[in-house]
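Everything below concerns the one structure shown next.
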Amino acid sequence: MGGLPARGCTGASRAISGAMTPAQALGALLPGGCGFETLDAKSFRVVGRPMAATAPPPHADGEITPAPRLDELVVTAEKRPELLTRSASAVSVLSAADVNALGGQSFDDVAAQLVGVAVTNLGSGRNKIFVRGLSDGSFTGKTQSTVGLYLDEVPITYNAPDPDLRLADIDRVEVLRGPQGTLYGSGSMGGIVRIVTARPDVTGYAGAVSAEAMATQHGAPSSGVEGMVNAPLADGRAAIRAVAYADEHGGYIDNPVLNLRDVNFSRRLGGRIAGLADLPDGWTVEAGVAHQKIVTADSQYTQGTDGPLTRDAAVREPHHNDFTEVGATASHAGGLADLKISTAFIDHSLDTRYDATGAFRAVGGLRVQAFDEDKHIKLWATEGLLTSNAPGPLRWLVGGFVSYTDEMDAAFLVGLNPVDSQSIYRRRDELSEGAVYGEVAYDVTARITGTLGGRWFATRVDTRAGDFDIAQTAVAPIHEKLTDQGVAPKARISFAATPELVIYAQVQEGYRAGGFNIPPAAGGSVTPETVAAQFRPDHLWSYEVGAGLPLFDHRLNLRGAVFHADWYGLQTDQRLASGLPMTVNIGDGSNTGVEAEAVWRPDEHLQVRANILLEDPQITRAGDVFPARRDIGLPGVPYDMGAADVRYRWRIGAYEAETSAQLSYVGRSYLTFDGGLGNAMGGYASGRVAAALRSQAWQVSAYVDNVADERGNTFAFGNPFSRARATQATPLRPRTVGFGLARRF
């Protein structure tokens, strides 16, 4: 057993007697406010409940507060707790302290420090995440995401973009790379991203408030506030925790056509409230609500000849993104196995406007000015998981999963007068998925462990579409159905070459459901277009060999992998010449690469972290449904990318000071499968420097983002209806200077 003493775990242990398993004995022995995590059949970690969500204040005796050691970090990305350094999988983690030091308000801010992660840059609440170069295209449409995004135990997207939840009061961020079809099911072909929030703490009251102000060169100012409160209840048997936040990001794009400055202003408001209760007979129940609202006044791409930070759109292009999640989890620590049941409801609404002047024929005298796209997604998901905790060489887990997604889409053409609008289409897509899965790990010898897993799944897609008001010829309502089922296997073998060196080899499969297109003729576009009525399911096989190696008493930790993936029937969301969306199976693809990450902590003062990914994503067989080149890679993901950050801490009397610097590089890539002029992007580096001074209760900080005021093109897209007219680019936010003040209670 390890992990003593545990922060937040205090009090006298209870006397016990009788025959029981180690897990039962430990649960009965520990005092109130203490918990434990099963690391493997023979190892447990004692923790305060919950684990600390943020770095504690500096020691009063003048010592530097110890940073969380990599060999102490516990991850649960593979459905059971395990020490990061013992994990035989490609997993990376950033603790709350890491996220804070990196200036991580959103996942976009920290993605570069997680090896193999790429993010598009359409705007807040509109981005796609790619892992290990497995990109199905830069646009968001009807294909399910290639990366599963989770808030604690709950999947929070199906085919929607990242809702850009603020990383407020979190415990850690985990990334599990490679397809995860066995444990996570459909939509995890590239991997999993998990935002793990700080749990309610039954051991005592706590609170924190913070405020920040930022000034952006060539743009408007920004600001943000955040507050958290934690309160124990029922004599330490329950607790409630709440966080609220608001931030505003000033614009930096001008529109000379409309005589407007700094048009891409955005505001984000949100919060969470969660409760935890320890019930009799070993049960724990957690429940909570999260809500966030993003209002963006205009898009952030550039276009036209009026300057590097300008756009010549005829109308403004706002975006609204409302996200709500309600969930509950019940868990029970049993004698032979632990049970966890989670259920959640997601309500996600996205409203987007594009300048579509001249893109469509005039209908009934209506002068078309804008294309409005409204999407409303409801997702219900329930999962039950049973994991073994008995000692011995055999470990197993078995689970069941059901989900239902109801997505409503509507598109309209809008004139100068908002009442002058006509429907392009309305559609409703319902996706049902059910699955049972399991995994068994067996210690063949003291050093060799074999793991086998599988997931049987069944999916059903039901699509209805109609209201084709502007179709040049009458289009009948559409009603189509599609079913699919199969098994997603997994196999892994790991070898502990030494007590500190773990080498593994594994093969896994990922998959996604198919679906249907709406006939482009329904859009009444200027040019006639045809696409397949249906896109088929696709699947991916991944093969990898990796290792984790802590050196010099865990002061240097190395992790890396070599991988290859074969992608069959690759689904992609694309835009037709008219700008209307479609989804096709564009062909087959592959990716071969090597990834590595390192964390070096020679003493309590210095930490250096670095990562690199070298890969070769490509189309290996192009179909005849959409143009695709085999020599430019997959859209939106570069052949090379990497990042590094350095942190140094020291004492100044009763205060703790910290300085940090970050650098990230994104290689070149193309927006679409066909390449072409105006589609190239990437090939830039960006840096950040920061400093902070802390006391027991206060912290002041300052930073500079995009130190060199880099203007690299992060995303060669902004509007599908004007791409043919002019080159589009999305620059990095210009150099920004920020100041923050925080208080802990």
Side-chain angles (χ1 to χ4, degrees), residues 54-55 57 96-110 112 121 123-125 164-170 207-229 243-254 260-272 292-298 300 309 321 645 647 652 655-662 686-711 731-745:
T54 57
D98 292 329
V99 170
N100 181 63
L102 294 169
Q105 296 181 355
S106 301
F107 180 74
D108 298 2
D109 300 326
V110 301
N121 195 21
S124 179
D164 196 24
L165 300 178
R166 182 177 171 105
L167 301 182
D169 193 37
I170 68 164
V209 293
S210 64
E212 57 188 344
M214 297 84 80
T216 297
Q217 190 170 336
H218 321 291
S222 306
S223 61
V225 293
E226 183 179 315
M228 179 276 291
V229 62
V243 59
Y245 54 84
D247 56 39
E248 296 182 351
H249 292 274
Y252 50 89
I253 303 294
D254 297 337
L260 296 172
R261 294 180 57 84
D262 304 328
V263 296
N264 58 316
F265 166 88
S266 68
R267 178 184 291 114
R268 177 171 56 179
L269 302 170
R272 298 189 313 271
Q292 180 176 279
K293 181 182 183 68
I294 298 173
V295 177
T296 303
D298 214 327
Q300 62 186 28
L309 293 176
N321 191 314
D645 74 273
R647 294 163 58 187
I652 302 177
Y655 300 94
E656 179 179 298
E658 177 177 285
T659 58
S660 62
Q662 304 166 35
S686 180
R688 181 181 193 269
V689 295
L693 186 66
R694 304 184 186 96
S695 69
Q696 285 281 74
W698 291 92
Q699 173 178 298
V700 294
S701 58
Y703 63 87
V704 181
D705 270 331
N706 193 5
V707 175
D709 200 25
E710 169 67 51
R711 298 290 181 85
L732 290 162
R733 174 175 283 271
R735 182 187 295 116
T736 297
V737 179
F739 300 91
L741 180 65
R743 174 75 160 89
R744 296 169 58 93
F745 302 96

Heavy-atom donor-acceptor pair, [X] side chain to [Y] backbone, under 3.5 Å:
{"X": "Ser222", "Y": "Gly250", "answer": "yes"}
{"X": "Asn264", "Y": "Ile253", "answer": "yes"}
{"X": "Asp254", "Y": "Asp262", "answer": "yes"}
{"X": "Asp109", "Y": "Gln105", "answer": "yes"}
{"X": "Thr659", "Y": "Ala657", "answer": "no"}
{"X": "Arg267", "Y": "Ala297", "answer": "no"}

Shortest non-hydrogen contact from [X] toward [Y]:
{"X": "Gly125", "Y": "Asp164", "value": "N-CB, 3.5 Å"}
{"X": "Phe739", "Y": "Tyr703", "value": "N-CE2, 4.4 Å"}
{"X": "Phe745", "Y": "Ala208", "value": "CD1-N, 3.9 Å"}
{"X": "Ser124", "Y": "Ile294", "value": "OG-CD1, 3.4 Å"}
{"X": "Asp169", "Y": "Arg272", "value": "O-NH2, 2.9 Å"}

Atom pair [atom1]/[atom2] of [X] and [Y] - distance to nearest 0.5 Å:
{"X": "Leu269", "Y": "Asp247", "atom1": "CG", "atom2": "CG", "result": "8.0 Å"}
{"X": "Asp705", "Y": "Leu732", "atom1": "CG", "atom2": "CG", "result": "10.0 Å"}
{"X": "Leu102", "Y": "Ser660", "atom1": "CG", "atom2": "OG", "result": "7.5 Å"}
{"X": "Met214", "Y": "Ser223", "atom1": "CE", "atom2": "OG", "result": "6.5 Å"}

Please examine the side chains of [Y] and [X], heavy atoms only from C-beta on, and report whether any two atoms are closer than 4.5 Å.
{"X": "Gln292", "Y": "Tyr245", "value": "yes"}
{"X": "Val225", "Y": "Ser210", "value": "no"}
{"X": "Leu741", "Y": "Trp698", "value": "yes"}
{"X": "His249", "Y": "Phe265", "value": "no"}

Query raised in the report: Going by an N to O cut-off under 4.0 Å, is there a salt bridge joining Arg688 and Asp645?
Result: no

Report summary line: Residue set satisfying side chain to side chain contact (heavy atoms under 4.5 Å, CB included) with Val704, at least two apart, ordered chain then number -> Val689, Val707, Arg735, Val737

Report task. Please name the residue in the list Glu656, Arg694, Arg743 that meets the side chain to side chain donor-acceptor pair (under 3.5 Å) test with Gln699. Result -> Arg694

Query raised in the report: Pick one: which of Asn706, Asp709, Thr216 meets side chain to side chain donor-acceptor pair (under 3.5 Å) with Arg733?
Result: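 Only one of Asn706, Asp709, Thr216 forms a side chain to side chain donor-acceptor pair (under 3.5 Å) with Arg733, namely Thr216.
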
Query raised in the report: If we ignore angles and hydrogens, is there a donor and acceptor under 3.5 Å between the side chains of Tyr252 and Gln217?
Result: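 Tyr252 vs Gln217: no donor-acceptor pair found between side chains.
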
Requested in this report: Determine whether the side chains of Arg268 and Ser106 contain a donor N or O and an acceptor N or O closer than 3.5 Å.
Outcome: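 Side chains of Arg268 and Ser106: pair found under 3.5 Å.
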
Requested in this report: Using the side-chain contact (heavy atoms from CB on, under 4.5 Å) rule, take Gln300 and Asn121 through it: C-alpha gap first, then chi angles, then the decisive distance, then the call.
Outcome: CA-CA 9 Å; Gln300 62 186 28; Asn121 195 21; 3.0 Å; yes

Requested in this report: Can you tell me which residue pairs pass the salt bridge (Lys or Arg N to Asp or Glu O under 4.0 Å) test with a partner in residues 212-228, sequence neighbours excluded?
Outcome: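 Those involving residues 212-228 are Arg166-Glu212, Arg166-Glu226.
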
Requested in this report: Evaluate whether atom CZ of Arg261 has more than 12 neighbouring non-hydrogen atoms of other residues, nucleotides or ligands under 6.0 angstrom away.
Outcome: no

